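Everything on this sheet refers to the single structure shown next.
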There are 2 protein chains.
Amino acid sequence: MFKMPSDKSKVIPNVFRETCPARYLLNKISGKWSLLIVDILNDKSMRNGELMRSIEGISQKMLTQTLRDLEEIRLIKRHDMKTVPPHVEYELTDLGKSLRETICAMDRWIEHNMLEIVTNNKTIDINISH
Amino acid sequence: MFKMPSDKSKVIPNVFRETCPARYLLNKISGKWSLLIVDILNDKSMRNGELMRSIEGISQKMLTQTLRDLEEIRLIKRHDMKTVPPHVEYELTDLGKSLRETICAMDRWIEHNMLEIVTNNKTIDINISH
DNA sequence: CCGTATCCTACCAGATACTG
DNA sequence: CAGTATCTGGTAGGATACGG
């Protein structure tokens, strides 16, 4: 459990220090599904089912769990319309939108360079979990 | 196991598809320690011990394992000087340096915004693994 | 439609000991 | 110095069933 010192200016942000809040956040954000969720949540808000269909391979459990985590660190906002049947929308906060730019840059880099990495590599075995 | 079609132009890069090589690469790169290793490997090359000391909390086992993974996807290069005692240097490939820019952008964003996220949040409990 | 609640398992990753 | 090897517990995450 991290205790924030009363004098916040004393907290030096550094992802390489394991007791730094930045490390905690990095671990949350770099989670297997977090990057994909933040990436796909564009300016539009999305519903649970939409996210399930957009992100191949994610389970309902992991989707909910990751959405809750991202909500906790204030990257997304949950809107419950309180209707029957239920209608819930998820959207990025301003903080989330700001972070999304860096995440998208990474994802697009991977997509752009994947062939160069994979096709020139004789030993690579790509395991598809199903 | 992913099989690359003979006509590479047919492979559409998309991290959201679980059978896409891009997803495989994302999972490797977004691993808990990969981001930190690529971040800290600047233009300078670094030795095993240096990396251990720079990245708090990483174990020798995870360091070696992650370095091997990153070598496999051609983001880093391993230089064994074949001396006694051993001297091994790790450095980013050009591909790695290119990716590093996007990763650093994310890490620096996290460090820059961590106080806003953590201090305004009453419910957050930061668990420091030790 | 949007979840929660269990159960269960594979593998992630720490601890420890050993080596050229 | 730069690793391997082995053991082990914890947990991420899948499968399934149920509920407002």
Side-chain angles (χ1 to χ4, degrees), chain A residues 1 18-19 23-24 26-37 40-41 45-73 76-91 125-130, chain B residues 1 18-19 23-24 26-37 40-41 44-72 76-91 125-130:
Chain A
M1 169 119 52
E18 61 177 334
T19 54
R23 175 72 77 86
Y24 165 82
L26 179 64
N27 288 341
K28 286 262 174 194
I29 294 168
S30 72
K32 187 174 181 178
W33 300 112
S34 305
L35 295 171
L36 292 171
I37 291 177
I40 207 161
L41 276 177
S45 60
M46 292 179 76
R47 305 183 59 172
N48 179 83
E50 268 183 290
L51 289 164
M52 282 285 289
R53 270 172 270 118
S54 303
I55 303 172
E56 279 189 11
I58 198 170
S59 62
Q60 176 63 59
K61 180 185 172 182
M62 288 317 296
L63 177 58
T64 303
Q65 189 173 303
T66 310
L67 286 170
R68 295 289 180 274
D69 281 352
L70 293 175
E71 196 185 359
E72 188 178 89
I73 58 177
I76 64 172
K77 187 97 179 64
R78 182 175 185 274
H79 299 286
D80 190 340
M81 309 307 176
K82 313 263 188 196
T83 55
V84 177
H87 182 153
V88 178
E89 301 255 1
Y90 296 95
E91 68 172 347
D125 271 352
I126 299 195
N127 254 301
I128 307 296
S129 55
H130 45 273
Chain B
M1 168 119 54
E18 61 177 334
T19 55
R23 174 73 76 87
Y24 165 82
L26 179 64
N27 287 341
K28 287 261 174 194
I29 294 167
S30 72
K32 186 176 182 178
W33 300 113
S34 305
L35 295 171
L36 291 171
I37 291 177
I40 208 161
L41 277 175
K44 62 180 180 309
S45 60
M46 291 179 76
R47 305 184 60 172
N48 179 82
E50 267 184 291
L51 289 164
M52 281 286 286
R53 269 171 272 118
S54 303
I55 304 171
E56 278 189 11
I58 197 170
S59 63
Q60 175 63 58
K61 180 184 172 181
M62 288 316 296
L63 177 57
T64 303
Q65 190 173 304
T66 310
L67 286 169
R68 297 286 181 275
D69 282 351
L70 293 175
E71 196 186 358
E72 188 178 88
I76 65 173
K77 187 97 179 65
R78 182 176 185 272
H79 299 285
D80 190 340
M81 309 307 178
K82 312 263 189 195
T83 56
V84 176
H87 182 152
V88 178
E89 301 257 0
Y90 295 95
E91 67 171 349
D125 271 351
I126 299 196
N127 254 301
I128 307 296
S129 55
H130 45 275

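Since the structure is predicted, the reported quantities are computational estimates derived from the model, not experimental observations. Per chain, numbering begins at 1; letters A, B, ... match sequence-line order. Heavy-atom basis, side chains included; hydrogens, waters and symmetry copies ignored.
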Starting at atom [atom1] of [X], determine the distance to atom [atom2] of [N], rounded to an integer number of angstrom.
X     : N      : atom1 : atom2 : value
A:H87 : D:dG20 : NE2   : C1'   : 17 Å
B:Y90 : D:dA2  : OH    : C1'   : 8 Å
B:E50 : D:dA2  : CD    : C1'   : 13 Å
B:N27 : D:dA12 : CG    : P     : 16 Å
B:M81 : D:dA2  : CE    : P     : 10 Å
B:M46 : D:dA2  : CE    : C1'   : 15 Å
A:H79 : C:dC2  : NE2   : C1'   : 16 Å
B:D80 : D:dG3  : CG    : P     : 7 Å

Rounded to the nearest 0.5 Å, what separates atom [atom1] in [X] from atom [atom2] in [Y]?
X     : Y     : atom1 : atom2 : answer
A:I37 : A:S54 : CD1   : OG    : 10.5 Å
A:I40 : A:E50 : CD1   : CD    : 9.0 Å
A:L36 : A:L63 : CG    : CG    : 11.0 Å

Sequence-distant partners of A:D69, side chain to side chain contact (heavy atoms under 4.5 Å, CB included), two or more places apart:
A:K28
Looking at residues at least two apart in the chain, or sitting in another chain, which of them share a salt bridge (Lys or Arg N to Asp or Glu O under 4.0 Å) with A:R78?
A:D80
Could I get the full list of salt bridge (Lys or Arg N to Asp or Glu O under 4.0 Å) partners for A:E89, not counting sequence neighbours?
none
Nucleotide nearest B:K32 (side chain, heavy atoms from C-beta), chosen from D:dG3, D:dG13, C:dG14:
C:dG14
Proximity to the side chain of B:W33 - top-ranked nucleotide from C:dG14, C:dC1, C:dG3:
C:dG14
Note: A:I76 and A:L67 closest approach over all heavy atoms is CD1-O, 3.3 Å
In dot-bracket form, how is DNA chain C paired, counting a Watson-Crick or G-U wobble pair only if both its distances are under 3.5 Å and using | for bases paired to another strand?
|.||||||||||||||||||
Taking for each residue the nucleotide of DNA chain C bearing the nearest heavy atom, is the 5' side occupied by A:R68 or by A:P86?
A:P86
Under 3.5 Å: donor-acceptor pair, side chain of A:E18, backbone of B:E56:
no
According to a strict under-4.0 Å criterion, is A:R78 in side-chain N/O contact with OP1 or OP2 of C:dC2?
no
Between A:R47 and C:dC2, does any side-chain N or O lie under 4.0 Å from OP1 or OP2?
yes
How far, in whole Å, is D:dA17 from C:dC2 if one measures between their C1' atoms?
15 Å
Near DNA chain C, which residues from residues 52-65 of chain B have a heavy atom under 4.0 Å away?
B:S59, B:K61, B:M62
Hits for side-chain hydrogen bond (donor to acceptor under 3.5 Å, both in side chains) against B:E91, two or more places apart or cross-chain, chain-then-number order -> B:H79
